[in-house]
2 protein chains.
Amino acid sequence: MPYFDAASSAPLHPVARQALLAALDEGWADPSRLYREGRRARLLLDAAREAAAEAVECRPDELVFTPSGTRAVHDGIAGALAGRRRAGRHLIVSAVEHSSVLHAAAAHEADGGTVTEVPVDRTGRVAPGAYAAALRDAPGGVALACLQSANHEVGTLQPVAEAAEECAAADVPLLVDAAQSLGWGPVEGNWSLLTASAHKWGGPAGVGLLAVRKGVRFRTVQPADERESGRSPGFENLPAIVAAAASLRAVRAEAAAEAERLRGLVERIRARVPELVPDVEVVGDPERRLPHLVTFSCLYVDGEALLHELDRAEFSVSSGSSCTSSTLTPSHVLRAMGVLSEGNVRVSLPRGTAEADVDRFLEALPGVVAGVRERLGAPKPAEAADPAPEPEPEPDELVVDSLGKRCPIPVIELAKVIGEVPVGGVVTVLSDDEAARLDIPAWCEMRGQTYEGERPAERGVAYRVRRRA
Amino acid sequence: MPYFDAASSAPLHPVARQALLAALDEGWADPSRLYREGRRARLLLDAAREAAAEAVECRPDELVFTPSGTRAVHDGIAGALAGRRRAGRHLIVSAVEHSSVLHAAAAHEADGGTVTEVPVDRTGRVAPGAYAAALRDAPGGVALACLQSANHEVGTLQPVAEAAEECAAADVPLLVDAAQSLGWGPVEGNWSLLTASAHKWGGPAGVGLLAVRKGVRFRTVQPADERESGRSPGFENLPAIVAAAASLRAVRAEAAAEAERLRGLVERIRARVPELVPDVEVVGDPERRLPHLVTFSCLYVDGEALLHELDRAEFSVSSGSSCTSSTLTPSHVLRAMGVLSEGNVRVSLPRGTAEADVDRFLEALPGVVAGVRERLGAPKPAEAADPAPEPEPEPDELVVDSLGKRCPIPVIELAKVIGEVPVGGVVTVLSDDEAARLDIPAWCEMRGQTYEGERPAERGVAYRVRRRA
């Protein structure tokens, strides 16, 4: 069954499995003890730290192992903020960071700190100079800035080296969340702190990395603990740490060749999906992107139904749609990009993905999307492309009442009535679904209609669309 | 090589290893995803939670998995304190809790909270009514009380059920750190929160348990995260969680028989060591204790040298002495008990320990201790037992200058001169070693001399000892 959700969790690399097994036998004792078993564990821990530091391109004494990428982010941000409390309490993050970063930012705000979210363009990328601007416009002293190396939902690479220069010029440390990219290569540029997560590169769960460059002020906010330089409390998860380091080295050795191969497969998906499926928007930067990840959104499609049907067809993918059971709002990444969120699919290929599986996916997708659309009563592509009726002056605006209906129904109902609107005329969609705020403007952009804005209605929000053609 | 330090970390149970391997194949995906691999991971996670909850004797929705016992303690205490902030900011702990509890208490004090340490008797046990007294005498509203189920250094069982009753009467939740005992059985009584650590019972590293009874106020202080009921952020370490739950069930099935067997072996050590080695104090409660753990201290012995020699003789044990490289002060547990800390050895037998290995240990120990004592120039037992010289009025007190000398030298020098002191006379030991504060009174108790107290000296502290016989 093709698993195309490596960005959530990659299957365990064979080297990770081997190293884990060996370390279960050799590395179960407490590495802080002086007897034989403890010394053996300490040797394994030291070697793992050296290997991981080499891959991160930092010194071993700058790197600690944490229990997860999330804890690395939480503890890294809290420690950097505490260490630089005298410099100020402002935090800068991009609008498309992983939720662990945004949740740490929210916790900082709840604690009385302030936060700037740096916007991104339609590809999900931070603009050059955006961090310099955020630093300049900060309401107070900036303690820390954070920028991911690559976006986890759309694959867009961020200008980390440039942002690091901008931060260095302002004497502010930059924390880079490298969770999605570290398996492909080191983070370039003069970063100050770096976080990562082993299960994203094919290592085991239970291991994150937190690197803090020498000279960066850092004060652990956790209760005291002698392990991991006092930066990550708790007994070291040694077998997993050994497996994480060994697999990082292994995936790096294969990275260049595998990146090229997967880049070709992703290129095929990027090119073929819009040809095979009508009303699709492929999102994310087409060039400056992770090699293995592509995201697209399908108009008139319920994300959860789409995932379910793809699962039935034996493809495991994820979605940033609001229409999935785990969330009621569209992905903050798609929202920040201003792109369609409905019918969203993220395909992230694990290393070793077979070309034939990608081809099978491309064969299956059109039928799956068509099936979901049909069950939802979505307009057929031809129907949606109907020529407009002759313009007739219409004093009364058409109103579509989609109150109480969940995504993608409001957009489907809009698409169904647009044919009845004269060119130049306006249709208003009433909706109380949060996704409509993102998806109605995105639909207009895709269908060449004019989005005229929203205003509060008696119930929900009124979205106005003017027919252009 | 006999490994006798199960209380630090137990060797991996075969069931843990098996379960881990199986879960590496079945449980690497994200359990919050809806596709096949995610659903399979979710099933494993749910089953592990049910099994662990059954062993803890709580509801599955009261239990979350954390990355370690330490994080369970840190997050559990912080969450309970935050949840009951309106009730007050006072925290009650016993003086012999694990360092993770005491460090959390120190962090609470640094944050403006207050803490009472409940004392223990010479066996390391909290007195009946001690928690009631601490609750009554608290300087303000009590948010939380903590008591370990069993002490990690001396094995003494604590009166947890009684303390829970005392806390319940005051409407204060009790958190029980069950790290050392959970493999042997559930914690009795009406506890409110419970923490544990899988690698202490033969599970893998990387898994702790935090149980919070329904109705106990709890507010996570970590940044938001949807995993583990929002109480333990980060991607679940699923293979290790599965292994932890499976091995807990397995060790419980073997617990009654193995406890009886190990209790007998520990009984042999408790009885034989004082017969085989002169000047030894076996510490901890002789009856109300963990089945597998025994601790003793050897006069005139440097703890680090002792561990080193035992390691050379192929025995892995640990020590609460101050004379180990990792610490400069004696164990807070031995200090709170008021017992000798020098030459301290903790033997904690892993399940399956062979009787023959215990016998070999008892054979090797006398020679090892004698060797260390000889190199330190310690008084021979016969020498130390010399009859006192005839009492002669001595106007000038004898003073032993041990300034700048580390444990156990001050006690050795005291023992060497005591023979020169007339009965009824006083000797003063000057020492700037923190261990002397504990070990000189303990020596007096063991040797039947009278400890007269300490006073500050020009340098260090002057300890006065009166010769009784």
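All chains are named by letter (A, B, ...) in the order of the sequence lines, taking the proteins before the strands, and each is independently numbered beginning at 1. Just so it is clear, the model here is predicted, and its values are computed rather than measured.
- For a residue to count as touching a neighbouring chain, one of its non-hydrogen atoms must lie under 4.5 Å from one of that chain's; by this rule B:Arg71 touches chain A with the side chain only.
- Using the six-membered ring where Trp is involved, A:Tyr35 and B:Tyr3 have ring planes that are perpendicular, over 60° apart on the 30 and 60° scheme.
- Of the listed residues (B:Leu20, B:Asp30, B:Leu24), the greatest number of heavy-atom pairs within a distance under 4.5 Å of chain A belongs to B:Leu24.
- The contact between B:Ala10 and chain A is made entirely by backbone atoms, counting heavy-atom distances below 4.5 Å.
- With a threshold of 4.5 angstrom between heavy atoms, B:Val73 does not approach chain A through any atom at all.
- Comparing A:Ser8, A:Pro239, A:Ala110 by heavy-atom pairs within less than 4.5 Å of chain B, the highest count is held by A:Ser8.
- Note: B:Arg227 CZ to A:Thr70 OG1 = 7.0 Å, rounded to the nearest 0.5 Å.
- Within the 4.5 angstrom heavy-atom criterion, atoms from both the backbone and the side chain of B:Ser232 approach chain A.
- At a 4.5 Å heavy-atom cutoff, the contact between B:Ala205 and chain A is made by backbone and side-chain atoms alike.
- Using a 4.5 Å cut-off on side-chain heavy atoms (C-beta onward), B:Leu34 and A:Glu304 make contact.
- Using a 4.5 Å cut-off between heavy atoms, B:Asp75 contacts chain A through its side chain alone, with no backbone atom that close.
- Residues B:Gln222 and A:His103 have side chains not in contact (no heavy-atom distance under 4.5 Å, counting atoms from C-beta outward).
- For chain B, no part of A:Val221 is nearby; none of its heavy atoms comes within less than 4.5 Å.
- Scanning both residues, B:Gly234 and A:Ser68, for their nearest heavy atoms gives CA-OG, 3.7 Å.
- Note: A:His199 leads A:His199, A:Arg17, A:His308 in heavy-atom pairs under 4.5 Å with chain B.
- With a 4.5 Å cut-off on non-hydrogen atoms, B:Leu21 touches chain A through its backbone and its side chain both.
- Chosen from B:Gly69, B:Gly208, B:Gly206, B:Ala240, the residue pairing most often with chain A at heavy-atom distances under 4.5 Å is B:Gly206.
- Side chains of B:Ser9 and A:Phe235 form a contact here, defined as non-hydrogen atoms less than 4.5 Å apart.
- Using a 4.5 Å cut-off between heavy atoms, A:Ala224 contacts chain B through both its backbone and its side chain.
- In this structure, B:Asp311 and A:Arg39 have side chains that are in contact, with non-hydrogen atoms separated by less than 4.5 Å.
- Comparing B:Ser318, B:Ser197, B:Gly27, B:Ala78 by heavy-atom pairs within less than 4.5 Å of chain A, the highest count is held by B:Ser318.
- In this structure, B:Arg33 CZ and A:Ser316 OG are separated by 11.0 Å, a value rounded to the nearest 0.5 Å.
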